[in-house]
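Shown next, in structure tokens, is the structure this report addresses.
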Amino acid sequence: MTATERRTLAFASAFTISGIDGTLPAGEYQVELDTVPSADGGDPKGVSAFLYVRRGGKAYAFEVDAEELDRIHKADQQKTANRPK
């Protein structure tokens with residue numbers, strides 16, 4: 001059974017992702033993630049994601065790869081955690 005989860009992801013750095021032309025600026029993005037239960041009973045697995053982007057005063061929804069989005073977000077968090085203060 002699929003469940004839809006809504007969350008806000010914060011990016012400290014600009015990033016690119018397949019399916020969206022150009023570089024997206026750092027900031028907060030709304031995401032809708034469709035998930036299915038994992039086979040091993042752990043955390044649900046994201047199967048598709050919609051990333052909401054504001055450009056020129058308009059909002060757009062882009063379907064992106066859930067795993068790619070997760071990898072990009074984790075890499076951004078690691079970069080942020082490793083920055084000298």
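The figures here come from the full heavy-atom set of this structure, side chains too, leaving out hydrogens, waters and symmetry mates. All of these numbers come straight from a predicted model, not from anything done at the bench.
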Nearest-0.5 Å distance, NE2 of residue His73 to CD of residue Gln78: 11.5 Å
Residue pair Arg7 / Leu33, side-chain heavy-atom distance below 4.5 Å: yes
Nearest-0.5 Å distance that lies between atom CG in Asp65 and atom CG in Asp70: 10.0 Å
Nearest-0.5 Å distance that lies between atom CD in Glu63 and atom CG in Leu51: 11.5 Å
Euclidean distance, Arg6 CZ relative to Tyr52 OH, rounded to 0.5 Å: 7.0 Å
Heavy-atom closest contact (Ala10 atom, Asp76 atom, distance): O-OD2, 3.9 Å
Nearest heavy-atom neighbours spanning Ala26 and Ala12: CB-O, 3.4 Å
Heavy-atom check, side chain of Phe11 versus side chain of Tyr29, under 4.5 Å: yes
Neighbour count above 12 (heavy atom, 6.0 Å) for Arg55 CZ: yes
Short side-chain donor-acceptor distance under 3.5 Å, Glu32 and Thr4: no
Separation of Ser48 OG from Leu69 CG (nearest 0.5 Å): 11.5 Å
Beyond-backbone contact of Glu68 with Ile17, side-chain heavy atoms, under 4.5 angstrom: yes
For the student: nearest non-hydrogen atoms of Val64 and Ser18, plus distance: CG1-O, 4.0 Å
Worked verdict on Thr35 versus Glu5 for side-chain hydrogen bond (donor to acceptor under 3.5 Å, both in side chains): CA-CA 7 Å; Thr35 61; Glu5 180 181 318; 5.0 Å; no
Worked verdict on Val53 versus Phe62 for side chain to side chain contact (heavy atoms under 4.5 Å, CB included): CA-CA 8 Å; Val53 177; Phe62 293 94; 3.8 Å; yes
side-chain contact (heavy atoms from CB on, under 4.5 Å) partner of Phe15, chosen from Ile20, Leu24, Thr23: Leu24
